[in-house]
Amino acid sequence: METRVVGPLTFTIDFSIPLYEQIVEQIRHAVARGEIALGKKLPSVREMAQNLKVNPSTVVRAYLELEHDGLCEKRRGQGTFITNSEEKVQKIKRGLAEEALNNFVHTMKSLGIDKNTAQQWLKEMDWQ
Amino acid sequence: MSIAVEFHHVSYRYGRKFALQDLSLSIPKGKATGLLGENGAGKSTLLKLITSIGKPTLGEIKVFGQKPGWKVNEQIAYLGDRAQWYKFHSIEKAIQYAEKIFPNFQVQQAKEYLDFMKLDSKAKVGDLSKGQMMRLQLILCLSRKVDLFLLDEPLSGIDLISREKIIDLLIHLLSEQEVTIVISTHEIMETEGLFEHLIFLKEGKVVKSGNVETLRAREGSIQHIYREVFQ
């Protein structure tokens with residue numbers, strides 16, 4: 001694992017998983033957590049490639065996937081920007097939250113804890 | 001996927017030893033391909049055959065659809081193990097010399113790369129460290145306007161900073177233009193992110209090849225795959 005910073009974004013790269021997936025995943029998280037603001041320009045492909053020390057095509061592929069998700073948009077000659085749509089960000093947040101919940105349920109199940117108990121404990125959790 | 005170089009059942013023998021044995025492969029166009037293998041796996045031989053420094057004992061090679069030879073060599077820049085530059089030249093002079101001997105050499109490009117690689121143009125070639133020397137050789141190679149770059153072990157036996165600078169320059173080049181580069185190496189650590197396509201060579205044969213991200217999804221990091229293949 002290696003941590004690398006590119007502009008407002010911090011990436012932790014694990015070389016045992018496809019790299020473009022990690023770039024996509026970590027940009028999604030950064031947007032959902034508000035680390036990069038709506039409408040903001042993403043670092044250029046060149047800057048990302050140089051700083052992450054990856055082949056530029058890996059970054060291109062990641063940006064294409066984010067565009068396909070609707071989280072980013074490419075503007076001709078200007079670069080790739082985070083969407084302005086709050087709605088799309090909410091959708092991404094929802095997706096990430098669901099993923100976390102699935103993991104939670106999976107862990108509880110594997111520990112042999114039933115739904116009622118888990119829900120009770122969740123209620124008692126300190127959110128601060 | 002368009003193809004830059006193809007090997008069809010190529011064998012190459014010197015003396016009694018086969019350096020390559022019934023080897024078939026294709027190198028994709030417009031990508032950075034890593035040629036991975038231990039010393040003596042046949043990596044250098046393979047690159048030399050592409051530039052027709054040797055002729056295959058058996059089989060057929062096609063480079064951009066042509067037989068290897070002087071004609072197609074005009075489209076190839078090859079960084080071999082024994083590139084010779086005059087020791088008494090300054091780097092500046094070496095660049096002027098490169099312009100004389102290489103067709104399509106781009107002086108402006110070389111100067112830009114020189115800054116990028118933090119080399120002093122006044123320094124004497126004979127005074128450079130091994131790592132600096134490799135940086136210079138790489139600059140002189142990459143400043144040629146060609147369709148195919150073949151880099152034989154550009155990372156071996158040199159210092160960490162030079163290795164990193166070389167990777168940086170390669171990524172810089174790949175961001176600038178679509179080029180076909182083949183790099184032979186057994187230095188995996190620094191090159192994890194660099195390649196798009198990989199060819200693993202063992203005892204003169206291709207034992208594994210494919211798109212890096214696909215291999216990664218299936219089998220893990222290049223380092224891991226390398227260990228599996230060569231242990």
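Protein chains get the first letters and strands the later ones, always in sequence-line order, with residue 1 at the start of each. Small disclaimer: the values here were computed from a predicted structure and weren't measured.
No donor-acceptor pair closer than 3.5 Å links the side chain of A:Arg46 to the backbone N or O of B:Glu176. Although no hydrogens or angles enter the test, the distance criterion places a donor-acceptor pair under 3.5 Å between the side chain of B:Glu213 and the main chain of A:Leu19.
The pair B:Glu192-A:Lys53 does not meet the salt-bridge criterion, since no charged nitrogen lies less than 4.0 angstrom from a carboxylate oxygen.
For the set B:Thr191, B:Leu194, B:Leu215, B:Thr214, the count of heavy-atom pairs under 4.5 angstrom toward chain A peaks at B:Leu194.
The CD atom of A:Gln50 sits 8.5 Å away from atom CG of B:Leu169, with the distance rounded to the nearest 0.5 Å.
Under the side-chain contact (heavy atoms from CB on, under 4.5 Å) rule, A:Phe15 has a single partner from B:Met189, B:Gln223, B:Arg216, which is B:Arg216.
At most 12 heavy atoms of other shown residues, nucleotides or ligands fall within 6.0 angstrom of atom CD in A:Glu87. Under a cut-off of 6.0 angstrom, the local environment of NZ in A:Lys41 is crowded, with over 12 non-hydrogen atoms contributed by other residues, nucleotides or ligands. Counted within 6.0 Å of CD on A:Glu73, heavy atoms from surrounding residues, nucleotides or ligands total more than 12; the atom is thus considered enclosed. For B:Gln177, the CD atom sits in a packed shell: over 12 heavy atoms of surrounding residues, nucleotides or ligands are nearer than 6.0 Å. Applying the 6.0 Å contact sphere to CD of B:Glu112 captures more than 12 heavy atoms from other residues, nucleotides or ligands. Counting heavy atoms of neighbouring residues, nucleotides and ligands inside a 6.0 Å radius, atom NZ of B:Lys202 exceeds 12 of them.
Only the side chain of A:Pro56 comes within contact range of chain B, judged by heavy atoms closer than 4.5 Å. No part of B:His224 comes within reach of chain A, as not one of its non-hydrogen atoms sits under 4.5 angstrom from that chain.
In this structure, B:Leu174 and A:Asn55 approach most closely via the heavy-atom pair CD1-ND2, 3.7 Å.
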